[in-house]
Number of protein chains: 2
Amino acid sequence: MDSRKKSTTTLKDVANAAGVSLGTASKVMAGAEGVSPARRQQVWDAARQLGYRRNSLAAELRSSRSTSIGFVVPDLTNSFFIELLCVVEDHALASGYRLLLAHAQEDPEREAERIRFVLSRQVAGMIIIPCHGYAHAIDELRECDVPLVMADRVDNSFPANTVTTDSRRAARDGTDHLIALGHKRITFIVNALDLVNSRERADGYMDAMKRAGLERHARVVVCGMTDTESHAATLGLLSERERPTALFTGANVATLGALRAIRDAELRLPDDVSLLSFDDAPWMSVLHPRISSIHQPVEAVGRAIWQLLHKQLEGEASEPVHLRMKADLRVRESTAPPGRTTGKGSKDTATAQQNAGRARKRTALAERE
Amino acid sequence: MDSRKKSTTTLKDVANAAGVSLGTASKVMAGAEGVSPARRQQVWDAARQLGYRRNSLAAELRSSRSTSIGFVVPDLTNSFFIELLCVVEDHALASGYRLLLAHAQEDPEREAERIRFVLSRQVAGMIIIPCHGYAHAIDELRECDVPLVMADRVDNSFPANTVTTDSRRAARDGTDHLIALGHKRITFIVNALDLVNSRERADGYMDAMKRAGLERHARVVVCGMTDTESHAATLGLLSERERPTALFTGANVATLGALRAIRDAELRLPDDVSLLSFDDAPWMSVLHPRISSIHQPVEAVGRAIWQLLHKQLEGEASEPVHLRMKADLRVRESTAPPGRTTGKGSKDTATAQQNAGRARKRTALAERE
DNA sequence: TTGAAAGCGCTAACAT
DNA sequence: ATGTTAGCGCTTTCAA
């Protein structure tokens with residue numbers, strides 16, 4: 001027998017104090033019909049006085065109804081996901097739901113674990129932005145029938161509702177912009193090609209290069225999920241004899257690493273090299289030069305995600321819907337016609353090559369420690 | 001009576017399928033002692049086969065033990081909080097706890113609601129970074145006795161464990177740096193003075209100004225919590241006849257707004273005006289000029305928060321502890337000696353004034369729409 | 001309108 | 001080592 005004085009006031013305590021039955025007290029707290037104003041007041045008073053706080057775990061267990069929505073996000077460092085999270089949360093709160101956030105940290109194992117966790121908390125629905133190697137994620141969801149919306153890193157082949165940006169088209173537009181400026185050696189730096197949207201971005205880039213007859217200059221460099229990796233990859237690129245005249249980074253995080261590498265190589269943007277970023281961020285338009293980027297329609301994506309999920313929560317089952325939003329190119333100052341100094345063998349190139357090489361060595365050394 | 005075919009497999013189903021009792025099955029799932037290997041296997045097999053997923057709500061309800069920690073954060077847009085969140089989460093996961101994130105969006109009402117929500121989910125402990133007007137927050141916590149750690153926007157007068165950065169000292173150091181460069185008209189731009197740490201930052205700034213005999217030049221401008229507000233405030237500052245030669249922004253978000261304003265005024269950093277940012281961010285060291293900033297020790301703060309909380313979770317009650325970490329000044333390129341062009345009445349000043357004035361009007365117009 | 005009673009899925013103390 | 005049983009705090013029939 002438990003002899004500890006229990007510290008939490010339960011609904012039963014409130015009912016006792018108010019002199020009503022447990023059931024009545026429950027109705028009052030739930031704001032349900034069929035309780036006289038007098039009793040209603042008694043219960044409220046008692047609750048306030050005892051400092052009652054409902055145990056929503058118990059409530060949800062008993063009613064098997066949940067108002068939590070799991071939101072599985074791969075990387076909180078990426079401002080696009082943060083913004084999306086905020087947008088979705090606003091919609092969710094407005095409809096009476098709360099988000100249960102799960103951070104996968106770009107790790108598939110962790111993602112699978114997070115999904116299991118969220119599911120074990122009996123969420124009413126799930127929103128998942130899968131990470132690299134999402135097969136795990138899908139497996140976890142096989143035999144579970146909670147309403148689900150997957151976003152961003154998915155495509156129309158998913159057996160679930162999806163909301164995405166038209167990455168292929170946006171990447172094509174971006175590449176066209178660079179080509180129109182006169183660039184030929186345009187390199188696409190992408191985090192991982194087994195990320196559906198990254199793959200699409202790479203495809204869009206290839207589309208444009210091919211169409212412009214620049215196939216032999218086309219080059220896709222896979223750099224990994226972190227800015228450290230992107231930094232290293234870009235440094236490698238910049239220390240080549242015939243370095244690209246333009247870089248097109250396939251994601252937010254890659255852009256940061258590339259930018260660091262360009263600094264390390266002591267190259268000037270856009271004179272020595274142009275940079276276009278897939279994914280925008282607030283800071284990109286605030287320092288020099290402002291970074292040209294492809295801006296995803298966060299608001300629209302967030303709204304669509306919630307609409308799709310909400311419809312399912314309301315019980316409207318239907319065939320999976322696939323929504324695709326249009327991104328827009330924001331030309332700023334980091335993209336310009338290729339400079340004259342980038343010709344093979346020019347002095348500047350040699351210097352940049354040296355700088356980049358030195359920076360690579362420094363980095364390698366630092367990592368070894 | 002409920003006639004729907006229930007879709008979730010419960011532990012009871014597993015027990016039945018395995019031919020063991022509910023209690024035994026429970027022990028197996030909890031990994032407890034005292035079950036023969038044979039039965040253990042049977043249960044695991046049955047669980048796997050039926051696709052059993054434990055209902056952790058029920059488990060926590062019954063055992064009145066929770067492994068969730070509430071984390072109430074004021075602003076997910078601020079990369080400092082995001083980084084802190086990641087650090088804390090790593091520690092928490094390593095100790096077997098999960099975070100339940102609650103976003104207050106710099107709104108005290110919402111914060112209070114979020115705290116109530118988190119509490120109603122029966123968390124084992126709480127970490128709170130309060131927002132502007134945190135009195136609400138404190139009230140919510142009055143009669144609740146979950147282990148609590150408050151961080152960042154608190155001081156030693158709080159009746160709870162706290163972890164903070166020594167803001168006053170850091171702000172003093174930063175101001176000294178600007179003074180040493182030769183600046184006199186240094187303006188401090190701060191989000192809100194009823195935020196304890198912001199107040200401390202302002203105090204540190206005043207300390208340094210006074211000590212240098214620059215009291216008459218000292219000026220603290222309160223701008224509000226958003227970058228939009230900071231943008232407007234800075235624009236105002238820059239359109240003055242005798243504008244400051246150096247700006248010291250009191251927080252991450254304020255820096256972004258100030259930077260935008262500096263751009264709008266077509267001022268060059270650091271030639272026309274110096275800028276020092278309290279709070280660092282990854283992007284600050286990647287474009288031109290690199291922003292000098294005060295870097296808070298996120299790792300240390302996060303670790304300390306978890307240590308304090310974990311100690312309480314383990315039942316070691318003690319008097320509130322107040323931990324204070326040291327931040328470091330990172331001098332980069334946005335701070336330099338005041339330029340010659342900033343003299344009263346010079347052509348450049350007049351131009352900047354015009355630009356800033358125009359930008360203000362544009363902004364005001366845009367807001368009216 | 002109100003109260004009594006039967007659980008939600010699980011754990012833990014107690015028997016066996 | 002295993003099964004039985006009494007709840008955790010709440011919601012929700014069902015009778016009164």
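Convention: sequence-line order gives letters A, B, ...; per-chain numbering from 1.
The side-chain heavy atoms of M225(B) and P74(B), taken from C-beta on, include no pair separated by under 4.5 Å. Side-chain atoms of D152(B) and F81(B), non-hydrogen and from C-beta on, do get closer than 4.5 Å to each other. S120(A) is not listed as a side-chain neighbour of R54(B), based on a closest heavy-atom distance of 4.5 Å or more.
Minimum interatomic distance between R110(A) and Q105(A) (heavy atoms only, all atoms of both residues): NH2-NE2, 3.0 Å.
The 5' end of DNA chain D is approached more closely, in terms of each residue's nearest nucleotide, by P37(B) than by the other of P37(B) and S63(B). Nearest-nucleotide mapping onto DNA chain D: of L61(A) and V35(B), the residue sitting toward the 5' end is V35(B). Along DNA chain C, the nucleotide nearest R62(B) and the nucleotide nearest T24(A) are compared for position; the residue whose nucleotide lies closer to the 5' end is T24(A).
What separates NZ of K27(A) from P of dG3(C) is a distance of 9 Å, to the nearest Å. What separates CG of N16(A) from C1' of dA4(C) is a distance of 14 Å, to the nearest Å. Separating the CG atom of L57(A) from the P atom of dG9(D) is a distance of 12 Å, rounded to the nearest angstrom. The nearest whole Å value for the distance from the CD atom in Q122(B) to the P atom in dC8(D) is 14 Å. Atom OH in Y52(B) sits roughly 7 Å away from atom C1' in dC10(C) (whole-Å rounding). In this structure, the NZ atom of K12(A) is 15 Å from the P atom of dG3(C), given to the nearest Å. Protein atom CZ of R121(B) is 16 Å distant from nucleotide atom P of dG9(D), rounded to whole Å.
In the set dG9(C), dG3(D), dG9(D), the nucleotide with an atom closest to the side chain of T10(B) is dG9(C). Taking only side-chain atoms of V20(A), from C-beta outward, the nucleotide of dC10(C), dG3(C), dT11(D) with the closest atom is dG3(C). Closest contact between the side chain of N55(A) and the listed nucleotides dG3(C), dG9(D), dT11(D) involves dG9(D).
One end of the helix from dT1(C)-dA16(D) to dT16(C)-dA1(D) points its axis 40° away from the other end's axis, with each axis taken from 5 pairs and the angle rounded to 10°.
A salt bridge does not link R153(B) to E111(B): none of the charged nitrogens lies less than 4.0 Å from a carboxylate oxygen. Using a 4.0 Å cut-off between charged nitrogen and carboxylate oxygen, R98(B) and E60(B) do not count as a salt-bridge pair.
Taking side-chain N and O atoms only, S36(B) has a distance below 4.0 Å to OP1 or OP2 of dT2(D). Remark: S21(A) is in phosphate contact with dG3(C), judged by side-chain N or O atoms under 4.0 Å from OP1 or OP2. Contact annotation: R39(B) side-chain N/O to dT2(D) OP1/OP2 distance is under 4.0 Å. Checking the phosphate oxygens (OP1, OP2) of dT12(D), a side-chain nitrogen or oxygen of R65(A) falls inside 4.0 Å.
Of the candidates L323(A), N161(A), T162(A), N161(A) is the only one forming a side-chain contact (heavy atoms from CB on, under 4.5 Å) with V149(A).
At the heavy-atom level, L22(A) lies under 4.0 Å from base atoms of the strands shown.
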